[in-house]
Amino acid sequence: MEVTRTKLAEGVYLTYLPAQKFKTSLLSAQFVTPLREETASAYALLPSVLRRGTVSCPDMGSLSARLDELYGARIETTVRKKGENQCVGFVASLIDDSFAPGGEKLLEPVAELLGELICDPVTERGRFVPSYFESEKTNLLDAIRSLVNDKRDYADSRLLREMCAGEPYGIPRLGGEAGAESVQPKQLYALYQELISTARLELIYSGSAPQRRVEQALLSALAALPREQVRDIALYRPHPARQEVLRVEESLDVTQGKLGMGFACGSDDYAAMMVGNTLFGGSSNSKLFMNVREKLSLCYYASSLYHRQKRLITVSSGIEFQNFQRAYDEILAQLEAVKNGKLEDWEMEGAQSTLLNAYASMEDSQGKLENFYLGQAATGQSETPEELADQVREVTGERVHRAMETVRLDTVYFLRGEEA
């Protein structure tokens with residue numbers, strides 16, 4: 001796949017992913033803005049309010065009718081965190097022109113509707129429609145509050161909150177409950193105007209239409225987009241490792257403990273860190289899964305994740321309360337085994353194969369491709385999945401050893417039961 005990224009206007013970029021094998025086309029429009037505690041919830045709310053209607057389709061009924069006329073095209077809201085940036089916007093899915101009845105062209109009208117959602121939302125007296133605002137604010141608050149219902153996600157989020165306190169990376173993608181409660185209609189409209197004027201806009205297209213046609217459709221659809229003093233995105237900064245391990249305990253009404261461990265990494269050898277983390281806890285053949293979970297039965301689940309933008313590894317595990325110390329010690333023991341290069345050939349081959357399969361599978365999913373290239377653009381990276389796969393193939397056991405030697409325990413979070 002010959003991927004190209006071009007600048008269409010000030011702070012507006014198009015990533016073009018030519019594809020003939022899909023029956024649908026994908027069109028994504030994402031505003032990328034630095035994560036800030038004071039605006040995270042407001043920006044998370046914005047796409048849902050904009051999705052309620054435009055000047056020409058002022059309610060969800062008329063908007064749905066318009067999408068039905070376009071053979072069931074869909075436009076979904078998105079709120080994501082990429083590095084230390086928040087990405088908010090829309091992803092549209094439509095029948096690819098090569099499969100449209102009668103050769104009808106759908107790219108232009110869908111792009112136009114996407115442009116209306118961004119540039120021409122329905123308003124009342126210079127602000128968003130009050131009933132739309134209040135309804136979507138309630139939905140956002142419900143989503144934030146419901147995080148605690150999934151204790152695994154909740155514990156993972158709390159670990160990052162504590163580990164990266166004072167850093168944008170610690171802010172959840174939806175912001176916090178207090179921030180969401182404080183958002184007011186006038187404030188949201190002002191932030192909307194600021195966002196579309198100053199934030200970088202990343203456009204991503206996957207489908208069979210020629211690049212020039214895609215560019216013209218988007219330029220026409222976004223002709224009214226103001227571009228005033230476009231801000232830079234937040235460049236990632238590695239997490240500064242602590243001198244002493246931070247330990248945090250929290251009690252809730254839970255029957256299963258959640259042990260989260262955060263590690264600071266000193267290596268910038270990304271490919272070796274990816275392989276090392278996959279060996280440690282990033283697959284079903286990893287040391288955490290095979291030993292801590294399967295062999296010793298100390299965890300209901302145990303996995304690790306490498307955060308490239310912050311040079312962090314986080315471990316997520318579910319345990320019996322009384323197994324805290326044994327699980328904690330064994331997780332560290334398995335990390336030491338990777339750091340010391342105590343690896344079998346099949347482990348290295350399996351870790352590399354897991355990563356190579358993940359990169360290869362992106363080619364079969366427009367959603368995965370869109371998410372990948374948005375992440376690359378929002379964090380200042382340029383490698384393609386094929387280039388990353390080539391880097392993984394070149395990783396040796398010695399490189400894994402050198403990279404993983406830099407991993408140090410930074411933060412421990414334990415969620416226990418109230419009576420434990």
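For the numbers below, each heavy atom of this structure counts, side chains included, while hydrogens, waters and symmetry mates do not.
Checking side-chain atoms of Lys81 against main-chain N and O of Tyr169 turns up a donor-acceptor pair under 3.5 Å. Side chain of Arg231 to backbone of Thr198: no donor-acceptor contact under 3.5 angstrom is found. A side-chain donor-acceptor contact under 3.5 Å links Gln366 to the backbone of Thr24.
Using a 4.0 Å cut-off between charged nitrogen and carboxylate oxygen, Glu181 and Arg145 count as a salt-bridge pair. Between Glu37 and Arg161 there is a salt bridge, since at least one side-chain N of the basic residue sits less than 4.0 Å from a carboxylate O of the acidic one. Salt bridge absent: Arg51 and Glu76 never bring a charged side-chain N and a carboxylate O closer than 4.0 Å. A salt bridge does not link Lys137 to Glu134: none of the charged side-chain nitrogens sits closer than 4.0 Å to a carboxylate oxygen.
Figure legend: cation-pi geometry between Arg416 and Phe321 absent, as NZ or CZ is not positioned both under 6.0 Å from the six-membered ring centre and within 45° of its axis. With Tyr300 as the aromatic partner, Lys258 does not meet the cation-pi criteria of under 6.0 angstrom to the ring centre and within 45 degrees of the ring axis. With Tyr189 as the aromatic partner, Arg127 does not meet the cation-pi criteria of under 6.0 angstrom to the ring centre and within 45 degrees of the ring axis. Geometrically, Arg152 engages Tyr301 in a cation-pi contact defined by less than 6.0 Å to the ring centre and at most 45° from the axis.
Around atom NZ of Lys21, more than 12 heavy atoms belonging to other residues, nucleotides or ligands sit under 6.0 Å away. More than 12 heavy atoms of other residues, nucleotides or ligands sit less than 6.0 Å from atom CD of Glu386. Around atom CD of Gln322, more than 12 heavy atoms belonging to other residues, nucleotides or ligands sit under 6.0 Å away.
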Step-by-step side chain to side chain contact (heavy atoms under 4.5 Å, CB included) determination, Cys265 to Ile313
CA-CA 7 Å; Cys265 312; Ile313 288 177; 3.8 Å; yes

Go through it in stages, so that I can follow the logic: the residues are Ile319 and Arg326, the test is side chain to side chain contact (heavy atoms under 4.5 Å, CB included), and I'd like the CA-CA distance, side-chain angles, deciding distance and then a yes or no.
CA-CA 10 Å; Ile319 63 174; Arg326 289 183 64 203; over 6 Å; no

Applying side chain to side chain contact (heavy atoms under 4.5 Å, CB included) to Leu279 and Lys287, what does each step give before you reach the verdict?
CA-CA 6 Å; Leu279 286 161; Lys287 288 187 175 294; 5.8 Å; no

Go through the steps for Asp96 and Phe22 under the test side chain to side chain contact (heavy atoms under 4.5 Å, CB included), then give the verdict.
CA-CA 7 Å; Asp96 193 83; Phe22 299 111; over 6 Å; no

Kindly indicate, with the supporting measurements, whether the criterion salt bridge (Lys or Arg N to Asp or Glu O under 4.0 Å) is fulfilled by Arg80 and Glu202.
CA-CA 13 Å; Arg80 286 171 280 188; Glu202 292 289 343; over 6 Å; no

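The side-chain heavy atoms of Glu370 and Gln30, taken from C-beta on, include a pair separated by under 4.5 Å.
If you check the side chains of Gln391 and Glu387, you find no donor sitting under 3.5 Å from an acceptor.
Closest heavy-atom contact between Glu215 and Leu14: CG-CD2, 3.6 Å.
For residues 103-113, the set of pairs meeting the side chain to side chain donor-acceptor pair (under 3.5 Å) definition, not counting sequence neighbours, comprises Tyr71-Glu104, Glu108-Arg213.
Considering only residues two or more places apart in sequence or on other chains, Ser41 meets the side chain to side chain donor-acceptor pair (under 3.5 Å) condition with none of them. Among residues two or more places apart in sequence or in another chain, the side chain to side chain donor-acceptor pair (under 3.5 Å) test is passed with Glu363 by none.
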